[in-house]
Each structure stands twice: as structure tokens, then as C-alpha cells.
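All chains are named by letter (A, B, ...) in the order of the sequence lines, taking the proteins before the strands, and each is independently numbered beginning at 1. Note: hydrogens, waters and symmetry copies are ignored here, and every other heavy atom, side chains too, is used.
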Amino acid sequence: MPAAAALDFQGSSVDLARALIGAVLLVDGVGGRIVETEAYDAEDPASHSHRGPDPRNASMFGPPGHAYVYRSYGIHWCLNLVCREAGHGAGVLVRAIEPTHGQERMRARRGPVADLLLCAGPGRVGQALGITRAHDGLPLDRAPFALRSAPQPVEVIVGPRIGISKAQEMPWRFGLQGSCFVSRRFP
DNA sequence: CTTTCGATGATCT
DNA sequence: GATCATCGAAAGG
């Protein structure tokens, strides 16, 4: 009887991205089950950490198990969970969550959208969970964050990442098999 | 169903 | 000036 995978922030971002599927993430009591992630590793030209530390990505080179928050297209806040990979900054983008906690607050933040779209996409996750620059660099094991690994083993599916122009072919997008809360179907 | 495009600001060349 | 780990609305098949 295998135990659910523990979350290892010292290992590779690909392993962490896979292990995070099914984990429960809350921010100030709002959130749910992670159903979609993408890995961004040290050697990855699509990763913000690829060119080394700078003011924006500093959190990716800080302690593992902390948050890296960045502004996307000038509009959205996107949340990454930082890990360390061969001493280099790496992280996992949280792309979609199945809402289980604080749905009223999510709806208030997201406006009049279908419940299936509350957290279906990295920008939507950021908005629904109230993520801002203030969360950048905060530890994930203390308030306002709460993170616990998947309570039971889950079936994970894999596909190419979304919305990038470099290393498009890398199969580093992970999803919960059969979930209708993912941002897009898997091939 | 698909593709296109504007919003909006930090970062890169 | 161009690009970008996006979203939502609009237009086209």
C-alpha cells in the first residue's frame, strides 16, 4: 500500500510538478486541490530563472518551499512554488485548482464567471486566491499559505506546456486525470 | 468549434 | 521597439 508522494522541494521541478497534482493549496483559507502544474527547470530556456538571478526572479534563487510570484502580461499574478535543482533556481507554475475552500471569496474576486473557470489557468488562480506581489518570497508552510501533499495517490497525465515560445516540446505540463477543472484538455 | 486581438506593464534586445 | 509562463471578448467557419 504505497503512501502518497511527499513534496520534495530539494529535487527536480519536474518531479515536484508531478507530485503536486492532488495536493491541497490554500491562501488565507481559500483554494483547493491542485489539478494542473508546469515545471520550469534550471536548464530550461523558457524558465524565468534560466539567465540567472535578477530583481524579478530573486525568489526562485531563495529558499526552496517558498513562493515566486510574477506579473504576467502586465495584468495577471501567477504563482510558482520554488524548488532547488542542482543549486539553481527552479519552480513549478500552479496552472489550475479544483476549488474546495472559500468559493464565495473566489467568486467575489473573479466576478461573474462559470464555477469551472474560477481557477482554470494561472492568471485565474492568482486572481481567485488573491495573489499579489506581497506573496512573493513567502514560505509555503506558514500563513497565509497552507500546503499539504495529496492525501491519496492520484493518476497524473502529461503533455507539452502552454503559452511558451521556447522548449515547447518538453512534456512538463501535468494534470489530474479526468479533472474538468484544468485550463485546457490534454492531448 | 476556431482564430484574432486588445489590455497593460515589466523585461529584454 | 518587441516580447511575454494570460484572459476574455469578438469575429469567422
Side-chain angles (χ1 to χ4, degrees), chain A residues 9 12-21 23 25 27 31 34-62 64 66-85 88-99 106-138 140 156-176 180-187:
Chain A
F9 292 98
S12 80
S13 56
V14 171
D15 288 345
L16 178 61
R18 189 186 297 108
L20 279 168
I21 299 301
L25 173 68
V27 180
I34 297 174
V35 296
E36 184 182 341
T37 60
E38 278 178 0
Y40 287 89
D41 97 356
E43 301 296 318
D44 177 5
S47 173
H48 291 172
S49 66
H50 180 241
R51 295 168 186 275
D54 62 39
R56 176 176 69 159
N57 68 20
S59 296
M60 284 186 100
F61 292 88
H66 287 225
Y68 162 52
V69 176
Y70 73 96
R71 190 100 121 134
S72 175
Y73 291 89
I75 299 174
H76 305 102
W77 295 106
C78 296
L79 173 65
N80 291 254
L81 311 187
V82 172
C83 65
R84 177 117 327 138
E85 194 156 356
H88 195 280
V92 174
L93 174 67
V94 179
R95 286 197 56 92
I97 287 175
E98 174 183 339
M106 292 191 196
R107 293 191 189 97
R109 288 165 173 160
R110 291 277 295 121
V113 300
D115 283 1
L116 279 174
L117 298 180
L118 279 178
C119 299
R124 291 161 174 164
V125 168
Q127 186 177 27
L129 272 58
I131 296 293
T132 71
R133 172 160 285 161
H135 295 93
D136 187 38
L138 296 184
L140 299 171
V156 176
I157 49 181
V158 186
R161 294 179 291 183
I162 290 177
I164 56 175
S165 59
K166 300 168 187 169
Q168 296 178 358
E169 72 285 358
M170 303 311 296
W172 288 343
R173 173 179 178 238
F174 299 90
L176 179 63
C180 56
F181 293 95
V182 296
S183 65
R184 282 167 62 174
R185 295 277 164 84
F186 282 75

Taking the nucleotide of DNA chain B with the nearest heavy atom to each, does A/Arg133 or A/Ile75 sit closer to the 5' end?
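Result of the comparison: A/Ile75.
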Salt bridge check, A/Asp136 against A/Arg133: does any charged N sit closer than 4.0 Å to a carboxylate O?
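Salt bridge absent between A/Arg133 and A/Asp136.
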Taking the basic N atoms (NZ, or NE/NH1/NH2) and the acidic carboxylate oxygens, is any pair closer than 4.0 Å for A/Arg161 and A/Asp44?
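The answer is yes: the pair qualifies as a salt bridge.
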Assign [X] to base, sugar-phosphate, or nothing according to its heavy-atom contacts below 4.0 angstrom with the strands shown.
X        : answer
A/Arg161 : nothing
A/Gly123 : sugar-phosphate
A/Arg110 : sugar-phosphate
A/Ile164 : sugar-phosphate

Ring-face cation contact, A/Phe186 with A/Arg173, 6.0 Å cut, 45° max
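Checked: cation-pi criterion met.
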Rounded to the nearest angstrom, tell me the gap between atom [atom1] in [X] and atom [atom2] in [N].
X        : N      : atom1 : atom2 : result
A/Glu36  : C/dC7  : CD    : C1'   : 14 Å
A/Asn80  : C/dT6  : CG    : P     : 11 Å
A/Tyr70  : B/dA10 : OH    : P     : 15 Å
A/Leu93  : C/dC4  : CG    : P     : 16 Å
A/Glu38  : C/dC4  : CD    : C1'   : 14 Å
A/Tyr73  : C/dA9  : OH    : C1'   : 17 Å
A/Leu117 : C/dG8  : CG    : P     : 7 Å
A/Arg109 : C/dC7  : CZ    : P     : 17 Å

So which nucleotide from [options] ends up closest to the side chain of [X]?
X        : options               : value
A/Arg124 : B/dA10, C/dC7, C/dA5  : C/dC7
A/Tyr68  : B/dT11, C/dA5, B/dT13 : C/dA5
A/Lys166 : C/dC4, C/dA5, B/dA10  : C/dC4
A/Arg51  : B/dG9, B/dT11, B/dC12 : B/dC12
A/Val113 : C/dT6, C/dG8, C/dA5   : C/dG8
A/Arg71  : C/dT6, B/dG9, B/dA10  : B/dG9
A/Pro122 : B/dG9, B/dA7, C/dT6   : C/dT6

Tell me whether the OP1 or OP2 atom of [N] has a side-chain N or O from [X] closer than 4.0 Å.
X        : N     : result
A/Ser165 : C/dC4 : yes
A/Arg95  : C/dT6 : yes
A/His48  : C/dA5 : yes

Which whole number of Å gives the distance between the C1' atom of C/dA5 and that of B/dT2?
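Approximately 23 Å lies between the C1' atom of C/dA5 and that of B/dT2.
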With both distances kept under 3.5 Å, what pairs with C/dA5, Watson-Crick or G-U wobble?
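With both distances under 3.5 Å required, C/dA5 matches none.
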For the atom pair CD1 (A/Ile34) and CZ (A/Phe174), what is the distance rounded to the nearest 0.5 Å?
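Nearest 0.5 Å value for the CD1-CZ distance: 13.5 Å.
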Between A/His50 and A/Tyr40, ring centroids under 6.0 Å:
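No; A/Tyr40 has its ring centre 6.0 Å or more from that of A/His50.
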May I have the step-by-step check of side-chain hydrogen bond (donor to acceptor under 3.5 Å, both in side chains) for A/Ser13 and A/Glu85, ending in yes or no?
CA-CA 7 Å; A/Ser13 56; A/Glu85 194 156 356; 3.2 Å; yes
